[in-house]
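Proteins get letters first, then strands, A, B, ... in listed order; numbering begins at 1 in each. The shown structure was predicted, so the numbers you read here are calculated from the model rather than taken from an experiment.
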There are 4 protein chains.
Amino acid sequence: MNIDPTMSVPIYKQIADYIRQTVAAGVYRPGEMIPSLRALALQLKVNPNTVQRAYEQLEREGLVRSRKGLGMFVTQQGAKTAQTKSEAAVCSAFARGIRAALAAGIQPPRVLTAFEKAWESVETEVRAQA
Amino acid sequence: MNIDPTMSVPIYKQIADYIRQTVAAGVYRPGEMIPSLRALALQLKVNPNTVQRAYEQLEREGLVRSRKGLGMFVTQQGAKTAQTKSEAAVCSAFARGIRAALAAGIQPPRVLTAFEKAWESVETEVRAQA
Amino acid sequence: MNIDPTMSVPIYKQIADYIRQTVAAGVYRPGEMIPSLRALALQLKVNPNTVQRAYEQLEREGLVRSRKGLGMFVTQQGAKTAQTKSEAAVCSAFARGIRAALAAGIQPPRVLTAFEKAWESVETEVRAQA
Amino acid sequence: MNIDPTMSVPIYKQIADYIRQTVAAGVYRPGEMIPSLRALALQLKVNPNTVQRAYEQLEREGLVRSRKGLGMFVTQQGAKTAQTKSEAAVCSAFARGIRAALAAGIQPPRVLTAFEKAWESVETEVRAQA
DNA sequence: GTGGTCTAGACCACA
DNA sequence: GTGGTCTAGACCACG
């Protein structure tokens with residue numbers, strides 16, 4: 001997992017996004033526990049309050065549920081919720097891009113080209129990490 | 001033009017993006033003046049300082065050049081700069097979406113579906129405005 | 001540090017120049033935090049917004065990086081950037097003087113004399129402060 | 001004569017500086033008339049008010065004196081005044097550079113190097129114009 | 001506590 | 001009229 005404290009995206013959001021994507025991808029299944037607050041804070045070398053804030057948001061989304069003294073557990077509908085949320089985020093990012101493109105007078109074919117270009121650049125990133 | 005003060009994107013950035021897209025679309029051509037600080041502030045019902053901040057950023061990007069007592073003028077390379085910047089913003093939005101999709105374990109075909117869905121939703125918006 | 005609000009150079013630029021020189025001189029090293037907005041504003045008796053404006057410029061130059069909730073930190077290449085920028089500013093001031101001198105028909109030997117005179121006057125200032 | 005309306009130096013100051021340097025260089029001698037307000041405005045394609053402002057400043061400096069209906073004439077002590085003023089401006093530019101250099105921890109030998117570099121760059125400019 | 005944004009209103013410099 | 005700077009004071013987001 002990669003947390004970059006220098007990015008403009010706040011740390012707590014990076015954490016929440018990461019957990020949500022992980023649940024959506026099926027790494028943590030309904031009923032399973034996600035990493036404990038303190039363990040994750042230690043691993044990422046961030047303030048426990050920051051992790052807490054991320055976990056609060058996930059709980060508000062209904063993705064996980066805290067059981068006192070035990071930890072945070074993925075809810076039964078958690079996987080589905082995570083998938084829906086994640087897909088909505090993806091759609092929203094695409095919509096923002098398309099809206100900006102049309103406003104700038106970029107023609108539809110060129111918008112598709114931009115999409116392909118973005119795709120390739122992401123694939124290159126992924127390969128570089130591996 | 002639509003400014004939404006409730007969005008997380010700061011107002012001054014929304015204004016800068018709007019002007020940049022406008023220049024990219026050829027509404028204001030090199031050598032022409034963009035709306036005066038106060039005029040735009042009145043129209044958008046925001047503080048002149050906020051518009052100024054947007055204009056400062058555009059000047060830093062080399063899109064416009066300010067002349068005291070006269071106004072802000074689109075530079076010769078302004079149109080090209082605006083197009084490049086705008087396209088980069090579009091690509092970046094797409095890349096963000098794709099990255100999030102892959103992280104959430106969404107399969108490539110479904111990513112394309114999401115893109116098409118986003119496209120349609122934007123088209124619906126545009127029609128609604130017209 | 002001396003801020004002179006009566007000078008034609010805007011205060012926020014004086015502050016930015018001061019911090020840049022400080023970083024160039026090695027007072028703040030890469031990874032270290034520069035004074036907080038409010039602290040510096042109090043010390044200089046200026047509005048925090050004015051200091052912020054200076055800090056924004058330094059961040060744009062890549063000298064520092066802001067982390068919300070923590071402060072502004074000198075980047076790894078910050079020291080080098082600061083030195084380069086500072087030296088460029090010095091050269092530019094000299095060039096402006098030389099250009100003015102030649103335009104006024106001052107002969108090269110007298111330009112050198114003027115430079116020596118300026119040097120002595122600065123040394124006198126420095127001694128006076130100490 | 002070169003007036004650049006896009007520069008940060010205000011136009012009226014560019015004009016005043018130019019005339020002052022010209023007088024210092026002996027192009028216009030005491031008792032001679034400098035170009036008429038309207039003629040210069042036409043030639044430089046600037047607002048006559050702007051030229052007027054430059055001329056007002058020169059008159060305040062005691063460099064020229066207006067004779068109603070005739071024009072602006074270089075005063076008897078005008079040449080000397082212009083030379084003094086010009087030299088002071090040169091010294092001041094040098095002093096600013098030296099002050100910035102010392103503040104940035106640049107060692108005296110390197111300051112001299114910067115001065116030589118500036119000199120060469122100005123000479124290159126001059127040759128390019130010719 | 002940190003930085004970031006916004007408003008209201010002032011004053012200045014410039015053409 | 002134009003843009004540029006500054007203050008005072010508010011509210012928010014982040015750690």
Worksheet entry | Rounded interatomic separation in angstrom, taking OH from Y55(B) and P from dT5(F) | 16 Å
Fill in: Spacing between E59(C) atom CD and dG4(E) atom C1', to the nearest angstrom
11 Å
Practice prompt. First locate atom CZ of R20(A), then atom CD1 of I34(A), and finally report the distance between them rounded to the nearest 0.5 Å.
Written response: 11.5 Å
Item to complete: For the residue pair K13(C) and R53(C), establish whether any side-chain heavy-atom pair is separated by less than 4.5 Å.
Response: no
Discussion item. Please convert DNA chain E into dot-bracket. A pair counts if it is Watson-Crick or G-U wobble with both distances under 3.5 Å; crossing pairs go in [ ] and bases paired with another strand get |.
Written reply: ||||||||||||||.
Discussion item. Distance check needed: dC6(E) P versus Q57(B) CD, whole Å only.
Written reply: 12 Å
Worksheet item: Has N2(D) got more than 12 heavy atoms of other residues, nucleotides or ligands less than 6.0 Å from its CG?
Response: no
Worksheet item: Considering residues, nucleotides and ligands other than R65(A), do more than 12 of their heavy atoms fall under 6.0 Å from its CZ?
Response: no
Discussion item. Are the side chains of Y12(D) and Q57(D) in contact, using a 4.5 Å heavy-atom criterion?
Written reply: yes
Worksheet item: Can a side chain N or O of S66(B) be found less than 4.0 Å away from OP1 or OP2 on dG3(F)?
Response: no
Response to the item:
DNA chain F nearest-nucleotide lookup for P48(C) and M72(B): closer to the 5′ end is M72(B)
Practice prompt. Kindly write out the residues that satisfy ring pair (Phe, Tyr, Trp, His ring centres under 6.0 Å) with Y55(A), not counting sequence neighbours, or none if the list is empty.
Written response: none
Worksheet item: How long is the line joining CE of M7(C) and C1' of dC6(F), in whole Å?
Response: 15 Å
Discussion item. Using whole Å, what does the distance between atom P of nucleotide dT2(E) and atom CD of E56(C) come to?
Written reply: 18 Å
Worksheet item: What are the two closest non-hydrogen atoms of A82(A) and V23(A), and how far apart are they?
Response: CB-CG1, 3.8 Å
Discussion item. Can you tell me if Q52(C) touches the phosphate of dG3(E), counting only side-chain N or O atoms and a distance under 4.0 Å to OP1 or OP2?
Written reply: no
Discussion item. Tell me whether R38(A) at atom CZ has more than 12 heavy atoms from other residues, nucleotides or ligands lying less than 6.0 Å away.
Written reply: no
Worksheet, complete the sentence: From CG of L44(C) across to C1' of dC6(F) the rounded distance in Å is 14 Å
Worksheet item: Nucleotide by nucleotide, 5' to 3', does protein get under 4.0 Å of the base (B), only the sugar-phosphate (S), or neither (-) in nucleotides 10-15 of chain F, counting heavy atoms?
Response: ----BS
Discussion item. Whole angstroms only, please: what is the CG-P distance between L37(B) and dA13(E)?
Written reply: 18 Å
Worksheet item: Is there a donor-acceptor contact under 3.5 Å from the side chain of Q21(A) to the main chain of S86(A)?
Response: no
Fill in: Rounded interatomic separation in angstrom, taking CD from Q14(B) and C1' from dC6(E)
13 Å
